[in-house]
Amino acid sequence: MAQRGIREYDGKKMLSKYWSEYFSKDFKFPGKVVLVDPETKINELTKKFNWLNKEKLVVKPDQLFGKRGKHGLIKANASFEEVNKWIKERINKETKVGKVTGKLTHFLIEPYIPHKEEYYIAIKSNRSGDIIYFSNHGGVDIESVWDTVAEIQIDIGQDINEIKIENKLPKDTPNDKKKMFVNFIKGLYKFYIDLNYAYLEINPFVISGNEIVPLDLVARIDDTGHFESSGKWGDLSFPAPFGRKLTPEENYIKMMDEKSGASLKLTVLNSKGRVWTMVAGGGGSVIYTDTIVDLGYRDELANYGEYSGNPTTDQTYEYAKTILDLMTREKDPKGRPKYLLIGGGIANFTDVAKTFTGITMALRDYKKKLKETNVKIFVRRGGPNYQEGLRIMKNLGKELGVPIDVYGPETHMTRIVDMALGGK
Amino acid sequence: MVKTKSKKQKNEYIIMDKETTAIVFGYQQRAIQRMLDFDYICRRETPSVAIIVNPTREGAHKCFWGTKEILIPMVKTLKEATKMYPEADFMVNFASFRSAYPTSKEALLTKSIRSVAIIAEGVPERRTKELIKIAKEKNKWIIGPATVGGIAAGGFRIGNTAGMLDNIVTSKLHRQGSVAYVSKSGGLSNELNNIIARNTDGVYEGVAIGGDRYPGSTFMDHITRYEKNPDIKMIVLLGEVGGMDEYDVVDAVKKGKIKKPIVAWCIGTCSKVFPAEVQFGHAGARAGAALETADAKNEALKKVGVAVPKHFDDFDKEIKTTFDKLVKSGKHKPIPNVEPPIIPIDYDVALKQGIIRKPAQFISTISDDRGEELRYCGIKISKIFEDEYGLGGVIGLLWFKKKLPKWAAGFLERVVLLTADHGPAVSGAHNSIVAARAGKDIISSLVSGLLTIGPRFGGAVQGSADHFTKYLYSEDEPTFMVKDMKSKNINIQGIGHRIKSVTNPDVRVTLMIEYAKKNFPKTETLDYALKVEKLTTAKKNNLILNVDGVIGVLSCDMLRGIGYTRDEVREFVDLGILNALFVLGRSIGFMGHIMDQKRLKSRLYRHPWDDINYMMPDKPEVIK
């Protein structure tokens, strides 16, 4: 439901696939790109892509992070054998990129193109339309030569053919290339729109004979455009950002979330933290987490979590069990209590009592462990049938012998944070 | 204090109020009812929903106006709707993410429509931007996409905004207060209503602009309206991490364009503790650049003099302090609360809460289709398959509400098999065939056959059960029964066969008797009937207990065997249970014949003349 990054490989593949539809026949992009993932049988690649054996190659990871050259993650002007070896040394290995550590799993292999001139083009979207950026001085550090970049604003609904692109090119654009660039810019813009791109940066692209070759491409796509553009997208995947390694519990919740129409989210921030949240609603869950941090309990915060969109009793049961399991695995080393905040704003139509059913089932299952790890529970919720929901929770506290403090809409939404942690 | 302005004088800063009427696009029955219920507790004079556009159906939609029922017209196109209700200047668009764009565009291009609320989530960003452009050119308003909408307290509610009625009253939304808010999140708007109601004189208006990257209208668009509206004394802003829209507000305050007090908070201050970029629920909420963080926005807002609490936990206090200051300064006199009219509770809600009851019109004691699984007499359908209830077992559950022992279920199945067909010549089958050949459908043809079942055709099963139990249960001897029937000149049903006789027994009868003798706990009616048979066959060789008779009497014995008293058996006989068994079985045969004829493409049947003896008189008898 948002803009999502795509692999460089997919961006380039799409460009080459629809090249003839958007660009002049006078120049082309052959789209020689190969993606290697842990399943790929690298040794067999040459059968399908015989250019791999014939040309010098470039290889780099393709996992939504940039500045690969700076991180020593590009091997250029190499034979296929060298590329193969280079990948094998890195694939599935933990690698630190900047501050983030993750596994390298996807690599992009392309022909190595010797070149002198590097060009820059990017398209960004804003509220009133799109801006095309173009420069004859592409390369890694475009910011340092930003005064060579021409900006062309195209308003929403405006036909790019009505804009005299040639007049907007940077002054230092070689005359013999103007026609080609104008065609390339127009085509790329139409491609960008038709395929619901939200961001596209090619830095640099080079010219080799009658070929335009994007060397480095970064793109985001508006995934809500699926119903309009998925035909052209083909089998497009939206990989998770590099380095986000999910714990088994996070993965379990993620899988439940993907299978269901409801929303179930869990991020474990600090499994040793004493404050766990289980909050209904996307906005509500953020506010609770904010408040814990802003009141100075950042180091105690264990997780971010949210359930919404009318999950079934089974789903809330599984969700609650996952959190309860995590939080009751070990006692606080200093013997202090742990806190579970079952929070939420005022629901519009969700039957509060009903959504508590799965949670109460899970709390019953964990009765013993909750007591052993000295868990105190605070509840705050409003909305349809909340009185009944709160009553159920209150009685459950008595039944289990676990302290459960219960509040409704008369209590400010986040006050239970301070009640629990500030002892107020 | 509520200034009612006529249509023409309406100020441009008001987009929804007590006089606004809307076109609802999409047949969202509950949302429509919620809008009308809100109207009712606001004491609106006319419903806020003028007409419904439903691309697949036209006519009228029945809904409640208070306790009364009213009809709201429903048409297939927006064009018709605006033609009928040119004064309806608001469209609540429930179209899906696929059709939200074309329908909203059409609305924005329609002269009489001034505002469109787009509820759908997942509208492509580029499409929203196109809509924004049109709205700007035509000087129109978009709320959304991806929002619950908004509410003008005491006046107009967009769709489902503000939830249930009791919450609306608790949050004093049934009358105008003096605080207007704008938030991104629709989910939190109810919490805002609550916070504002508890700490000020209440909400004047609230809008949730929606969580998309490019909302159709921005914080600043609405705050600009709020600034111009003299009835609004104070503004509440709930922003969010991601995007730069809050900075427009910072700028406007800095430049003195907004002078009314603002209390603001941007949620997502916790983003700094997340390791990689975690995507929150909203498309626009993605903390990238430093300026887009909630902390930076809160800081910037505070710097220009907006009231920003230290954390959300003090948001309520900040709102209260700011409002109290306004009152103390004498700039504002708090608007008192008013009692809303009594809200009729929906029947199903009240029932669920256990506060009303009513005698049911219907009672059903054999099955229940509600809940997870269909149940016959308490037994889940999956269990029926698991335990192999079979046809007999299911008849037991639905007719007798008993889990039948194997012998009884087996008996019923044998009856069905035995009665399934008796050839094409018998009355019922004949009728079915004739009807089928006349081109009638399977049900008409079947019924045509079934209608012949009665005292003469197929009725012997029923008749024999009736005759034999009547005499047996009155403790009359078989000899008396034979004599008594003779004297009344009634043939004993179930006795006699055209061909079969004592010496040439009907194998069907023999099999049934054998089964019963082996499996039934007792066979009193059969034994009685056999005694009668002895007497009748003594007179004439073919007056044997026939297949109808044996089914009739054994059915009675089966009922006795599964625990019914003689009185109860008579009750079953009287209500026609034997005919029911016969109909059940024979329908199989009738349908077979009907399908047979249809497959054969048999043509219309006409009885041959030579088979009819025409004996018409030359002239009618004249009555003098």
Side-chain angles (χ1 to χ4, degrees), chain A residues 1-3 100 125-129 155-157 193 196 198 222-229 240-244 263 265 267 269 281-295 298 301 304 306 308 345-349 382-385 388 409-410 412-415 417-418, chain B residues 97-98 121-127 129-130 132-133 146 148 160-164 166-167 170-171 183-188 190-191 193-195 198 211 213-214 218 240-241 267-270 272-286 294 310-313 315-316 352-353:
Chain A
M1 305 303 284
Q3 298 183 5
V100 188
S125 295
N126 55 28
R127 195 174 162 83
S128 54
D155 290 337
I156 248 323
I193 289 184
N196 267 300
D222 173 13
D223 71 351
T224 57
H226 183 267
F227 70 95
E228 294 181 344
S229 307
F242 178 73
R244 198 193 294 167
S263 168
K265 301 268 184 297
T267 306
L269 298 164
S285 60
V286 174
I287 289 194
Y288 275 92
T289 316
D290 283 352
T291 308
I292 294 165
V293 172
D294 294 342
L295 285 174
R298 176 178 176 159
L301 175 64
Y304 166 76
E306 161 282 285
S308 61
I346 300 173
N348 277 322
F349 302 107
N385 212 10
E388 177 65 10
E410 70 290 341
H412 184 59
M413 191 167 135
T414 50
R415 200 113 315 142
V417 176
D418 210 23
Chain B
F97 61 90
R98 282 172 194 276
E121 258 179 66
V123 179
E125 289 170 0
R126 188 159 294 279
R127 298 297 175 207
K129 292 200 295 186
E130 287 177 42
I132 292 170
K133 189 180 177 220
V148 67
N160 294 315
T161 310
M164 306 289 269
D166 55 350
N167 181 61
T170 316
S171 298
S183 87
K184 216 165 170 61
S185 164
L188 286 168
N190 233 347
E191 196 60 47
N193 291 328
N194 180 45
I195 296 173
R198 285 177 196 280
R213 180 177 298 255
Y214 304 115
T218 62
E240 206 174 85
V241 57
I267 73 169
T269 54
C270 65
K272 55 185 172 278
V273 307
F274 286 88
E277 46 174 330
V278 169
Q279 169 94 47
F280 294 132
H282 290 154
R286 184 197 267 260
K310 265 188 164 148
H311 37 67
F312 184 86
D313 206 37
F315 199 41
D316 57 338
K352 209 164 130 193
Q353 292 175 359

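Naming convention: chains lettered A, B, ... in sequence-line order (proteins, then strands); numbering from 1 in each chain. For the numbers below, each heavy atom of this structure counts, side chains included, while hydrogens, waters and symmetry mates do not.
When all heavy atoms of B:Asp313 and A:Leu295 are compared, the closest pair comes out as OD2-CD1, 4.4 Å. Closest of all the heavy-atom pairs between A:Gly225 and B:Pro124 is CA-CG, 3.9 Å. Shown here for B:Glu125 and A:Ala198, the closest heavy-atom pair between the two residues is OE1-CB, 4.1 Å.
For A:Arg415, the parts lying under 4.5 angstrom from a heavy atom of chain B are both the backbone and the side chain. Only the side chain of A:Glu228 comes within contact range of chain B, with at least one heavy atom under 4.5 Å from a heavy atom of that chain. With a 4.5 Å cut-off on non-hydrogen atoms, B:Ile267 touches chain A through its backbone and its side chain both. Within the 4.5 angstrom heavy-atom criterion, no atom of A:Ser229 approaches chain B. Using a 4.5 Å cut-off between heavy atoms, B:Ala162 touches chain A through its backbone atoms (N, CA, C, O) alone. Proximity to chain A (any heavy atom under 4.5 Å) is shown, for B:Arg98, by both the backbone and the side chain. With a threshold of 4.5 angstrom between heavy atoms, A:Thr289 approaches chain B through its backbone and through its side chain.
Remark: side-chain polar atoms of B:Asn194 are paired, donor with acceptor, to backbone N or O of A:Pro409 under 3.5 angstrom. A distance-only check finds no donor-acceptor pair linking the side chain of B:Asn167 to the backbone of A:Gly383 [under 3.5 Å]. The backbone N or O of A:Gly157 sits nowhere less than 3.5 Å from a side-chain atom of B:Lys129 that would complete a donor-acceptor pair.
Separation of atoms CZ (B:Phe97) and OG1 (A:Thr224) is listed at 9.0 Å; rounding is to 0.5 Å. To the nearest 0.5 Å, the span separating CG on A:Asn385 from CG on B:Asp166 amounts to 9.5 Å.
Between chain A and the options B:Glu130, B:Met164, B:Arg198, B:Arg126, the largest number of non-hydrogen pairs under 4.5 Å is found for B:Arg126. Interface check for chain A: of the options B:Ile195, B:Thr218, B:Leu188, the most heavy-atom pairs under 4.5 Å are formed by B:Leu188. The residue among A:Ile287, A:Asn196, A:Ile292 with the most heavy atom pairs within less than 4.5 Å of chain B is A:Ile287.
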Show your working on side chain to side chain contact (heavy atoms under 4.5 Å, CB included) between A:Thr414 and B:His311 and close with a plain yes or no. CA-CA 10 Å; A:Thr414 50; B:His311 37 67; over 6 Å; no

B:Arg213 vs A:Asp222, salt bridge (charged side-chain N to carboxylate O under 4.0 Å, His left out): CA-CA, chis, key distance, verdict: CA-CA 10 Å; B:Arg213 180 177 298 255; A:Asp222 173 13; over 6 Å; no

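By the 4.5 Å heavy-atom criterion applied to side chains, A:Val286 and B:Glu240 are not counted as neighbours. Between A:Met413 and B:Phe312, some side-chain heavy-atom pair lies under the 4.5 Å cut-off. Side chains of B:Ile132 and A:Ile156 form no contact here, defined as non-hydrogen atoms less than 4.5 Å apart. Two residues are said to be in side-chain contact when any heavy atoms from C-beta on lie closer than 4.5 Å; A:Asn348 and B:Asn160 fail this criterion.
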